[in-house]
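The chain is numbered in sequence order, starting from 1. As the structure is a computational prediction, the values presented were derived from the model and not from experiment.
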Amino acid sequence: MRKTLLAAVTTGLVATVAVGAESPIGLVIHGGAGTIERANLSPEQEQAYHDGLRLALEQGYAILQAGGSSLDAAIKAVTILEDNPLFNAGKGAVYTWDERHELDASIMDGATLNAGAVAGVSTVKNPILLAHKVMTESVHVMLSGAGAEQFAAEKGLEQVDNSYFNTEFRHEALKRMKAAEGAVPHQANVVRDPNWQMGTVGAVAIDRQGNLAAATSTGGMTGKRYGRIGDSPIIGAGNYADNSSCAVSATGHGEYFIRYQVASDICARVKYQGVSAKTAADAVIQDVLLPVGGTGGVIVVDAKGELSWSFNTPGMYRGKIGSNQPALTAIFADE
């Protein structure tokens, strides 16, 4: 079993809880779920994923320790993952069929139910920062394509050429996908290899005021066409946060997460059935999605600060740390 525990003495991430009514703090992150197996990762690659997850945990949790908001912590963690080419978001985004990159992201504030999302952007370096701007500085919830990029420019966010997101191993993945599937008139008729469907990053957090937040970002599906949008920017599907229940960020085959409204379903079960967030997540991921062919997973934090995840794939890049949870990163299902 491969796990990485972050020692407080080496990282300085000493989980503490202030006296009084302050909530326990916590952060859970993911870097995508899918067919992730030990045989396909060298020890060096495995360590690189642990290192990337650990950095996002450290920097996001440091914000919570300093009394910062769950929104800021989630944004920080996701931004770090967007900047890491190992993950399918930001710099490491997969390629579309036309050999470009189209990125999606969303964020939600559990205290107010405010939310912001962007879809199909191709020149914004960190889509999660743009989603936050949409939430806080526009009257809208979701912007897409050229309009979203115009809004990003007006707000002074860093923009890059689409080639910034290029990585050789993602390009090789596209070539393998094209060779396996060939040109078809309509991709909806194709039964896709699950290896092409996975890849998202996300974070959920709770701060000392008990406020929850969720953030999700993705490069989408390898070889996607026709401006396809998955679940990541859709509030209620790939992302949801409500202080009265929980915060959820999802990763997996987005079409299923959209149809079954996975994130909001988990929160609704917590709110109206009174079950734990872990129980709700397992019920949706294992009992609702898996029987119909929906693969992927979620990370969750509830109003009590309980940190958890659930996934039905061989692996999910993930990590968590909190007042009552020593920092942990993991990859495979048996960890």
Path from [X] to [Y] over hydrophobic side-chain contacts below 4.5 Å:
X: Val78; Y: Val124; value: yes
X: Met142; Y: Val121; value: no
X: Val288; Y: Ile234; value: no
X: Leu64; Y: Ile80; value: no
X: Met316; Y: Val248; value: no

Short side-chain to backbone donor-acceptor contact, [X] and [Y], under 3.5 Å:
X: Ser323; Y: Ile25; result: yes
X: Asn312; Y: Gly294; result: yes
X: Thr216; Y: Gly238; result: yes
X: Ser144; Y: Gly120; result: no
X: Asp104; Y: Ser232; result: no
X: Gln159; Y: Glu149; result: yes
X: Arg170; Y: Ala93; result: no
X: Lys125; Y: Gly90; result: no
X: Glu82; Y: Ile128; result: yes
X: Ser264; Y: Gly236; result: yes

How far apart are the closest heavy atoms of [X] and [Y], and which atoms are they?
X: Gly305; Y: Pro24; value: CA-CG, 4.3 Å
X: Ile235; Y: Met108; value: CG2-SD, 3.6 Å
X: Gln65; Y: Arg208; value: O-NH2, 3.6 Å
X: Pro85; Y: Thr167; value: CB-CG2, 3.9 Å
X: Cys246; Y: Ala277; value: CB-CB, 4.4 Å
X: Gly60; Y: Ala73; value: O-CB, 3.3 Å

Any salt bridge between [X] and [Y], counting N to O under 4.0 Å?
X: Asp72; Y: Lys76; result: no
X: Lys278; Y: Asp302; result: no
X: Lys178; Y: Glu99; result: yes

query: Between Asp334 and Arg38, is a side-chain contact (heavy atoms from CB on, under 4.5 Å) present by the stated rule, with each step listed?
result: CA-CA 11 Å; Asp334 60 2; Arg38 286 185 175 85; 3.0 Å; yes

Do [X] and [Y] have side-chain heavy atoms sitting under 4.5 Å apart?
X: Gln325; Y: Val28; answer: no
X: Val94; Y: Leu174; answer: no
X: Lys224; Y: Trp97; answer: no
X: Glu306; Y: Val300; answer: no
X: His30; Y: Phe311; answer: no
X: Ile285; Y: Phe257; answer: yes
X: Val204; Y: Leu212; answer: no

query: How far apart are the C-alpha atoms of Asp282 and Ser310, what are their side-chain angles, what is the distance that settles it, and do they pass the side chain to side chain donor-acceptor pair (under 3.5 Å) test?
result: CA-CA 6 Å; Asp282 283 341; Ser310 182; 2.7 Å; yes

query: Thr295 and Thr313: side chain to side chain donor-acceptor pair (under 3.5 Å), yes or no, with the steps?
result: CA-CA 6 Å; Thr295 50; Thr313 53; over 6 Å; no

Nearest-0.5 Å distance, [atom1] of residue [X] to [atom2] of residue [Y]:
X: Ile75; Y: Ile63; atom1: CD1; atom2: CD1; value: 8.5 Å
X: Glu158; Y: Leu129; atom1: CD; atom2: CG; value: 9.5 Å
X: Asp231; Y: Thr218; atom1: CG; atom2: OG1; value: 8.0 Å
X: Ser69; Y: Asp207; atom1: OG; atom2: CG; value: 6.0 Å
X: Gln45; Y: Phe169; atom1: CD; atom2: CZ; value: 9.0 Å
X: Leu53; Y: Ile331; atom1: CG; atom2: CD1; value: 7.0 Å

- request: Determine whether more than 12 heavy atoms belonging to other residues, nucleotides or ligands lie under 6.0 Å from atom OH of Tyr272.
  value: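 Not buried by this count: 12 neighbours or fewer within 6.0 Å.
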
- request: Give a yes or no on this: more than 12 heavy atoms of other residues, nucleotides or ligands lie within 6.0 Å of atom NZ of Lys304.
  value: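 At most 12 heavy atoms, drawn from other residues, nucleotides or ligands, come within 6.0 Å of this atom.
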
query: What class does the angle between the rings of Tyr260 and Tyr256 fall in, given that below 30° is parallel, 30 to 60° is tilted and above 60° is perpendicular?
result: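 If you compare the ring of Tyr260 with that of Tyr256, the planes turn out parallel.
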
query: Once the angle between the rings of Tyr49 and Tyr317 is folded into 0 to 90°, is it parallel (under 30°), tilted (30 to 60°) or perpendicular (over 60°)?
result: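 Plane angle under 30°, so parallel.
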
task: Using the side chain to side chain donor-acceptor pair (under 3.5 Å) rule, take Asn126 and Asp83 through it: C-alpha gap first, then chi angles, then the decisive distance, then the call.
output: CA-CA 8 Å; Asn126 291 107; Asp83 290 342; 3.1 Å; yes

message: Under a plain distance cut-off of 3.5 Å, with no hydrogens placed, do Asp98 and Thr96 share a side-chain donor-acceptor pair?
response: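 Distance-only check fails for Thr96 and Asp98.
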
- prompt: Can Glu255 and Arg228 be said to form a side-chain contact (heavy atoms from CB on, under 4.5 Å), step by step?
  reply: CA-CA 10 Å; Glu255 279 67 16; Arg228 178 262 186 188; 2.9 Å; yes

task: For a side-chain hydrogen bond (donor to acceptor under 3.5 Å, both in side chains) with Thr329, tell me which candidate from Arg318, His50, Arg54 qualifies.
output: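 Single side-chain hydrogen bond (donor to acceptor under 3.5 Å, both in side chains) partner of Thr329 among Arg318, His50, Arg54: His50.
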
message: Quick one, Lys133 with Glu154, criterion salt bridge (charged side-chain N to carboxylate O under 4.0 Å, His left out). Give me CA distance, side-chain angles, the key distance, then yes/no.
response: CA-CA 11 Å; Lys133 287 289 186 183; Glu154 291 177 0; over 6 Å; no

field: Any residue meeting side-chain contact (heavy atoms from CB on, under 4.5 Å) with Ala283, in chain and number order, not counting sequence neighbours
entry: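 Counting only residues at least two positions away or on another chain, Ala283 forms a side-chain contact (heavy atoms from CB on, under 4.5 Å) with Arg269, Asp287.
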
message: As a quick check of understanding, evaluate side-chain contact (heavy atoms from CB on, under 4.5 Å) for Arg259 and Val292, giving each step before the final call.
response: CA-CA 11 Å; Arg259 290 200 289 264; Val292 298; over 6 Å; no

